[in-house]
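Here the structure comes first, spelled out in structure tokens, and everything after it is commentary.
All heavy atoms count here, side chains included; hydrogens, waters and symmetry mates do not. Chain A is the first sequence line, chain B the second, and so forth, proteins listed ahead of strands; every chain is numbered from 1.
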Protein chains: 2
Amino acid sequence: MNIPNYLAEHDIKPSYQRIRIFEYLYQKMNHPTVDLIYKTLAPEIPTLSKTTVYNTLKLFVEKGITSTVTIEQNEVRYDALVEEHGHFKCNICGEIKDIPLEIEKLKISSIKNISVEQTQVHLIGKCNKCLTQ
Amino acid sequence: MNIPNYLAEHDIKPSYQRIRIFEYLYQKMNHPTVDLIYKTLAPEIPTLSKTTVYNTLKLFVEKGITSTVTIEQNEVRYDALVEEHGHFKCNICGEIKDIPLEIEKLKISSIKNISVEQTQVHLIGKCNKCLTQ
DNA sequence: AGTAATTTTGTAATCATTACAATTATATAT
DNA sequence: ATATATAATTGTAATGATTACAAAATTACT
Ligand SMILES: [Mn+2]
Ligand SMILES: [Mn+2]
Ligand SMILES: [Zn+2]
Ligand SMILES: [Zn+2]
């Protein structure tokens with residue numbers, strides 16, 4: 001994955017900050033909050049502003065290369081994986097994992113005559129690691 | 001449904017404000033925000049404080065007679081229906097409808113060896129009413 | 001009634017996010 | 001290469017939802 005190219009292909013000028021922020025999202029795949037991205041990158045990019053992180057993520061979402069995940073109220077998380085998938089959050093360790101979804105199963109059983117454009121599935125519980133220790 | 005009894009059964013002293021707030025939730029079933037509850041009840045209960053609405057809903061959630069629904073970031077909604085079910089939000093008229101869920105289908109296909117305690121399913125799109133006009 | 005416990009209220013504090021204007025960096029034209 | 005226009009980044013202030021907190025009001029108990 002060539003990040004500058006990927007950004008350019010999606011009509012985003014690949015500035016240094018944008019590259020670094022997308023690189024973080026894409027490599028970690030950890031569904032970070034704005035604050036985590038900022039705190040992680042700020043030491044390496046001393047001039048980085050939190051506003052830039054907000055602006056950049058907003059742009060990524062508009063251009064379709066990033067999705068948002070809102071499981072807990074008052075914390076939005078960001079995800080470089082934009083294909084439809086679900087999330088599992090462990091309420092012990094806090095980790096958020098991707099889960100595959102068979103959306104069809106869901107849609108068949110729900111109300112007819114609606115047009116569904118977006119599907120959010122969030123499971124919350126305890127992960128295997130936290131269960132066995 | 002006798003609301004004072006229902007509150008008392010769940011270890012909640014049925015004060016006037018609590019009764020009115022739960023009555024609103026239960027009768028409208030409209031997944032309101034704190035602000036909508038406050039704005040609706042304030043004219044009828046002139047002394048009502050928004051803090052009371054917050055406090056009361058927090059208590060209802062703790063005692064298990066109300067659930068929260070967070071579809072859009074930065075707006076939490078409340079629901080007197082606590083049995084597991086999904087939600088569909090129309091992004092034209094804004095209405096939020098309940099949808100039945102076959103959770104088993106969902107769980108079978110997802111990661112094994114986890115304990116799922118809560119399931120949130122949110123569909124977003126256009127409702128039948130808005131599609132046909 | 002008198003006292004204690006609980007609930008409600010209003011105001012101030014907090015925290016995430018957005019608005020905005022100034023600065024810096026990049027692209028284009030001369 | 002220099003000047004000019006355009007775009008991106010930054011820092012600070014504003015907004016808005018939620019929470020903290022202490023005073024006032026209500027309710028329960030003796
Ligand atoms: Mn994901
Ligand atoms: Mn509902
Ligand atoms: Zn865990
Ligand atoms: Zn609609």
Side-chain angles (χ1 to χ4, degrees), chain A residues 3-8 10-25 31-63 65-79 94, chain B residues 3-5 7-8 10-24 31-63 65-79 94:
Chain A
I3 289 175
N5 285 357
Y6 186 70
L7 296 182
H10 290 84
D11 195 26
I12 297 167
K13 288 194 189 155
S15 74
Y16 180 67
Q17 286 85 342
R18 289 169 177 174
I19 292 168
R20 293 299 305 274
I21 291 171
F22 193 79
E23 180 185 58
Y24 178 88
L25 277 181
H31 308 94
T33 59
V34 162
D35 202 58
L36 180 59
I37 298 171
Y38 176 72
K39 288 211 169 75
T40 306
L41 294 182
E44 303 168 32
I45 312 172
T47 64
L48 185 66
S49 160
K50 198 179 255 192
T51 300
T52 298
V53 181
Y54 276 106
N55 290 343
T56 300
L57 291 168
K58 186 174 185 229
L59 181 67
F60 288 175
V61 171
E62 280 167 13
K63 299 298 188 182
I65 63 168
T66 296
S67 61
T68 59
V69 185
T70 307
I71 300 180
E72 310 291 331
Q73 73 196 60
N74 75 41
E75 61 170 29
V76 182
R77 295 168 174 279
Y78 293 86
D79 194 344
Chain B
I3 289 174
N5 285 358
L7 297 181
H10 290 83
D11 194 27
I12 298 167
K13 290 196 187 154
S15 73
Y16 179 68
Q17 287 85 340
R18 289 169 178 175
I19 292 168
R20 295 297 307 273
I21 292 171
F22 193 78
E23 180 186 57
Y24 179 88
H31 309 93
T33 59
V34 162
D35 201 60
L36 179 59
I37 298 171
Y38 176 73
K39 287 212 169 76
T40 307
L41 293 181
E44 303 169 31
I45 313 169
T47 65
L48 184 66
S49 160
K50 196 178 257 191
T51 300
T52 298
V53 181
Y54 275 107
N55 290 343
T56 301
L57 291 169
K58 187 173 184 229
L59 181 67
F60 288 174
V61 172
E62 280 167 13
K63 299 298 187 184
I65 63 168
T66 295
S67 61
T68 59
V69 184
T70 307
I71 300 180
E72 310 292 331
Q73 72 194 60
N74 75 41
E75 63 171 27
V76 182
R77 295 167 173 281
Y78 293 86
D79 194 345

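- Looking at A/T52, its side chain never comes within 3.5 Å of a backbone N or O of A/L48 through a donor-acceptor pair.
- In this structure, of D/dT9, D/dT18, C/dG10, it is C/dG10 that holds the atom nearest to the side chain of B/S49.
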Next item on the list: Using a 4.0 Å cut-off on protein heavy atoms (strictly under), produce a 5'-to-3' string for nucleotides 20-25 of chain D with B for base contact, S for backbone-only sugar-phosphate contact, and - for none.
Entry: B-----

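- In this structure, A/Y38 has no side chain to side chain donor-acceptor pair (under 3.5 Å) partners at least two apart in sequence or on a different chain.
- Following rounding to the nearest Å, A/I37 (CD1) and D/dT9 (P) show an atom-to-atom distance of 14 Å.
- For the pair A/L57 CG and C/dT17 C1', the interatomic distance rounds to 12 Å; values are reported in whole Å.
- Under the side-chain contact (heavy atoms from CB on, under 4.5 Å) criterion, B/E75 pairs with B/T33, B/E72, B/R77, B/K89, sequence neighbours left out.
- Residue pairs meeting the salt bridge (Lys or Arg N to Asp or Glu O under 4.0 Å) criterion with at least one member in residues 38-47 of chain A, sequence neighbours excluded: A/R20-A/E44, A/D35-A/K39.
- Against DNA chain C, the stretch residues 14-23 of chain B makes heavy-atom approaches under 4.0 Å through B/S15, B/Q17, B/R18.
- With sequence neighbours left out, the side chain to side chain donor-acceptor pair (under 3.5 Å) criterion links A/K58 to no other residue.
- The distance from atom NZ of B/K63 to atom C1' of C/dT6 is 13 Å, rounded to the nearest whole Å.
- Rounded to an integer number of Å, the gap from A/K50 NZ to C/dT17 P is 8 Å.
- Atom pair B/D35:CG and D/dG16:P shows a separation of 11 Å (rounding to whole Å applied).
- Taking for each of B/I12 and B/P46 the nucleotide of DNA chain C with the nearest heavy atom, the 5'-most of the two is the partner of B/I12.
- Distance CG (B/L59) to P (D/dT19): 14 Å, rounded to an integer number of Å.
- Remark: A/Y54 pairs with no residue by the ring pair (Phe, Tyr, Trp, His ring centres under 6.0 Å) rule, at least two apart or across chains.
- In this view, A/Y78 satisfies the ring pair (Phe, Tyr, Trp, His ring centres under 6.0 Å) rule with no residue, not counting sequence neighbours.
- Contacts of B/T47 with the nucleic acid, taken as non-hydrogen atoms under 4.0 Å apart, involve only primed sugar atoms and P, OP1 or OP2.
- Between B/Y54 and D/dT19, a side-chain N or O to OP1/OP2 separation shorter than 4.0 Å is absent.
- Atoms OH (A/Y38) and P (C/dC15) sit 16 Å apart, rounded to a whole Å.
- Residue B/V34 is the one, among B/K13 and B/V34, whose nearest nucleotide of DNA chain D lies closer to the 5' end (criterion: closest heavy atom).
- Under the side-chain contact (heavy atoms from CB on, under 4.5 Å) criterion, B/T70 pairs with A/T70, A/Q73, B/V76, not counting sequence neighbours.
- Residues forming a side chain to side chain donor-acceptor pair (under 3.5 Å) with A/K13 (at least two apart in sequence, or on another chain): none.
- For the side-chain contact (heavy atoms from CB on, under 4.5 Å) test, residues two or more places apart in sequence or in another chain that qualify with A/T47 are A/I45.
- Of all the heavy atoms in B/P14 and B/I19, the pair that sits closest is O-CD1, 3.4 Å.
- For DNA chain D, none of the residues of residues 67-75 of chain A falls under the heavy-atom distance limit of 4.0 Å.
- Between A/Y6 and A/F22, the ring planes lie tilted relative to each other; the angle falls in the 30° to 60° range.
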